[in-house]
Peer 1: 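Quick one: the structure is below, and I'll ask about it shortly.
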Amino acid sequence: MSLASQPSLRSLPSLDVHDLNTSPSLHQFIATIKGHSSASAYVSALAVDGDSLYIASSDGSIRLWALDGARRSQEEQQQDDGCSSSSSSTTVADTDSSVKSLLATGNGGLLLSSHQDGKIRAWRAGSRRRDGETRPQLVLRAVLPTAVDRLRTCLLPWSYVEIRRHRRCTWVHHVDAVTALAVSPDGALLYSASWDRSIKVWSLPGFRCVESIAAAHDDAINALAVSPDGRVYTGSADKKIKAWTRGPGQRKHALVGTMERHRSAVNALALGANGKVLYSGACDRSVVVWESAGGGDGGMEATGTLRGHARAILCLAAAGELVCSGSADRTVRVWRRGGAENNGYTCLAVMESHGAAVKSLALVRGGRDDDGSCSSEGSSALVCSGALDGDVKIWSVFIPCL
């Protein structure tokens, strides 16, 4: 992932036709979760599982913070004239390799982490007794590729592929950092993408590698997203976004589309509006909005961009009609889809209190009716942002109804 910023796109129209960020009442800074004492460690990934916020660091650790702490902090602020608070988290796992991404599957508390060493680690939530107290802890269940995968492939000569000159490895291994993870809609498949330019597919819950797409891109793959219909999107430093799918009765995924609009490395992808809209963020400082081309094949076309960041877009998070963008300019922007006959976007908030580039985001919706619509008072969301200074910020954003 590159922090370098490139010129913004000029060939696509800007979709941010409304701007409400002049109203400070739409967002509230709730808390700061302080980082480790190590000055070199930064927040590399965030994941939400129920009421738990998992925080991954470049030093290989994973921490836990209860989101109900954010709600308590918000209540305390309302009683204490809006003063924000500082909170600490609990370390629940330590590894010897930098964490690159986190994924909470929602399947029985299964948490997946990908690492600089090319491995994927599977965890289950547990607990331990220490000093007479019960404390949360992640229990390591598997390391991918598993020993079974390594054994079954090392005995077969055709399982070896050349990864560099005079170096060969079995096809189940990633040979560089695993940068992104995603799960299929039915929870049966895990997808992983790597700087080695490959995509791998793993069966769940058995953790067996069932497919590898070598050289899926011409450069490192930085981002991955899976739509509700099973289509897989990958974003790369080669400036391209590719779409992959597996048809009925097929065992292998096939390339079904290549989307080229960015002028520089694609760093982040996110799907919103129930998978109907794809957002991509890159070093060109723009968030490109992709929507269905209407051809019946599931293809996407660029409809415009969301502008406002001064430096590279490093992370995205989307839920429903909301999308958040984090940037090397140290800010987080929250956009709401809708308005202007549903083709425009409103910038609800610009959060500016980070002291370094924003590397990771998590978005938690709340305050909605059962059918997903706004109540008469509007709805709310928690935005969690992690930065290269090691701190995580928690924000509350009010979302007025259209």
Peer 1: Would you check if the side chain of Ser113 reaches a backbone N or O of Leu102 as a donor-acceptor pair within less than 3.5 Å?
Peer 2: no

Peer 1: Determine, stepwise, if the pair Leu306 / Val289 fulfils side-chain contact (heavy atoms from CB on, under 4.5 Å).
Peer 2: CA-CA 7 Å; Leu306 302 178; Val289 180; 4.0 Å; yes

Peer 1: Which value, rounded to the nearest 0.5 Å, describes the distance between Ile120 atom CD1 and Leu190 atom CG?
Peer 2: 5.5 Å

Peer 1: Determine whether more than 12 heavy atoms belonging to other residues, nucleotides or ligands lie under 6.0 Å from atom CZ of Arg152.
Peer 2: yes

Peer 1: Looking only at the side chains, is there a donor atom on one of Arg365 and Ser379 sitting less than 3.5 Å from an acceptor on the other?
Peer 2: yes

Peer 1: How many angstroms lie between atom CG of Asp94 and atom CG of Leu138, to the nearest 0.5 angstrom?
Peer 2: 10.5 Å

Peer 1: Rounded to the nearest 0.5 Å, what separates atom OG in Ser101 from atom CG in Leu181?
Peer 2: 3.5 Å

Peer 1: Should Thr95 and His115 be marked as a side-chain contact (heavy atoms from CB on, under 4.5 Å) after you check the CA-CA gap, both sets of side-chain angles, and the distance that decides it?
Peer 2: CA-CA 9 Å; Thr95 70; His115 297 259; 3.5 Å; yes

Peer 1: Between His354 and Thr331, is any side-chain donor less than 3.5 angstrom from a side-chain acceptor?
Peer 2: no

Peer 1: Check whether the side chains of Ser212 and Lys200 place a donor and an acceptor atom closer than 3.5 Å, and report yes or no.
Peer 2: yes

Peer 1: State which residue, out of Leu26, Val323, Leu348, Val397, fulfils the side chain to side chain contact (heavy atoms under 4.5 Å, CB included) condition with Arg336.
Peer 2: Leu348

Peer 1: Evaluate side-chain contact (heavy atoms from CB on, under 4.5 Å) for Leu67 paired with Val48, printing each intermediate quantity in order.
Peer 2: CA-CA 9 Å; Leu67 284 175; Val48 173; 3.8 Å; yes

Peer 1: Donor-acceptor pair, Lys240 side chain versus Met259 backbone, under 3.5 Å?
Peer 2: no

Peer 1: Okay, side chain of Asp218, backbone of Asp238: is any donor-acceptor separation there less than 3.5 Å?
Peer 2: no

Peer 1: Decide yes or no for His253 and Tyr191: does some side-chain heavy atom of the first lie under 4.5 Å from some side-chain heavy atom of the second?
Peer 2: yes

Peer 1: Does the side chain of Ile33 reach to within under 4.5 Å of the side chain of Asp391, using non-hydrogen atoms?
Peer 2: no

Peer 1: Considering only heavy atoms from C-beta outward, does the side chain of Cys315 approach that of Lys359 to under 4.5 Å?
Peer 2: no

Peer 1: Verify, without hydrogens or angle tests, whether Arg333 (side chain) and Gly308 (backbone) share a donor-acceptor contact under 3.5 angstrom.
Peer 2: yes

Peer 1: Hey, are Thr153 and Trp171 close enough side-chain-wise for a donor-acceptor pair under 3.5 Å?
Peer 2: no

Peer 1: Under a 3.5 Å distance rule, please check whether Thr258 uses its side chain to pair with a backbone N or O of Lys242 as donor and acceptor.
Peer 2: no

Peer 1: For Met351 and Val383: C-alpha separation, side-chain torsions, deciding distance, then whether side-chain contact (heavy atoms from CB on, under 4.5 Å) applies.
Peer 2: CA-CA 10 Å; Met351 285 92 92; Val383 178; 4.0 Å; yes

Peer 1: What do the steps show when you test Trp335 against Ser325 for side chain to side chain donor-acceptor pair (under 3.5 Å), and what is the final call?
Peer 2: CA-CA 8 Å; Trp335 318 80; Ser325 53; 3.1 Å; yes

Peer 1: Going by an N to O cut-off under 4.0 Å, is there a salt bridge joining Asp96 and Arg121?
Peer 2: yes

Peer 1: Could you tell me if the side chain of Leu204 sits less than 4.5 Å from the side chain of Leu189, heavy atoms only?
Peer 2: no

Peer 1: Is the closest side-chain donor-acceptor distance between Arg129 and Thr134 under 3.5 Å?
Peer 2: yes

Peer 1: Are Leu388 and Val43 close enough that some pair of their side-chain heavy atoms sits under 4.5 Å apart?
Peer 2: no

Peer 1: If only atom types and distance count, is the side chain of Ser194 paired as donor or acceptor with the main-chain N or O of Arg197 below 3.5 Å?
Peer 2: no

Peer 1: Is the distance from the ring center of Phe29 to that of Trp395 below 6.0 Å?
Peer 2: yes

Peer 1: When you measure from the side chain of Ser114 to the backbone N and O of Val178, does any donor-acceptor pair fall under 3.5 Å?
Peer 2: yes

Peer 1: Is it the case that the side chains of Lys393 and Thr32 hold a donor-acceptor pair, with the cut-off being a distance below 3.5 Å and no angle test?
Peer 2: yes

Peer 1: Looking at Asp117 and Ser97, would you say the former's side chain and the latter's main chain have a donor-acceptor pair under 3.5 Å?
Peer 2: no

Peer 1: Could Arg261 and Glu301 be called an ion pair, given the rule that one side-chain N must be under 4.0 Å from one carboxylate O?
Peer 2: no

Peer 1: Using distance alone, with no hydrogens and no angle criterion, decide if His262 and Ser264 have a side-chain donor and acceptor under 3.5 Å apart.
Peer 2: no

Peer 1: Should the heavy atoms of other residues, nucleotides or ligands under 6.0 Å from CG of Asn274 be counted, would the total exceed 12?
Peer 2: no

Peer 1: For Gly355, does its backbone N or O pair with a side-chain atom of Asp389 as donor and acceptor, under 3.5 Å?
Peer 2: yes

Peer 1: State whether a side-chain donor-acceptor pair under 3.5 Å links Trp290 with Ser280.
Peer 2: yes

Peer 1: Check whether the side chains of Thr179 and Trp195 place a donor and an acceptor atom closer than 3.5 Å, and report yes or no.
Peer 2: no

Peer 1: Rounded to the nearest 0.5 Å, what separates atom NE2 in His217 from atom CG in Asp196?
Peer 2: 12.0 Å

Peer 1: Does Arg231 reach the side chain of Val256, with side-chain heavy atoms less than 4.5 Å apart?
Peer 2: yes

Peer 1: Do Ser58 and Ser98 get their side chains close enough for a donor-acceptor pair, meaning under 3.5 Å?
Peer 2: no

Peer 1: Would you find a donor on one side and an acceptor on the other, under 3.5 Å apart, between the side chain of Ser286 and the backbone of Thr305?
Peer 2: no

Peer 1: Is there a side-chain contact between Asp49 and Leu111 in this structure, where contact means two heavy atoms from C-beta onward sitting under 4.5 Å apart?
Peer 2: no

Peer 1: Could you tell me if the side chain of Asn267 sits less than 4.5 Å from the side chain of Ile313, heavy atoms only?
Peer 2: no

Peer 1: Report the distance from atom CD1 of Ile399 to atom OG of Ser380, rounding to the nearest 0.5 Å.
Peer 2: 6.5 Å

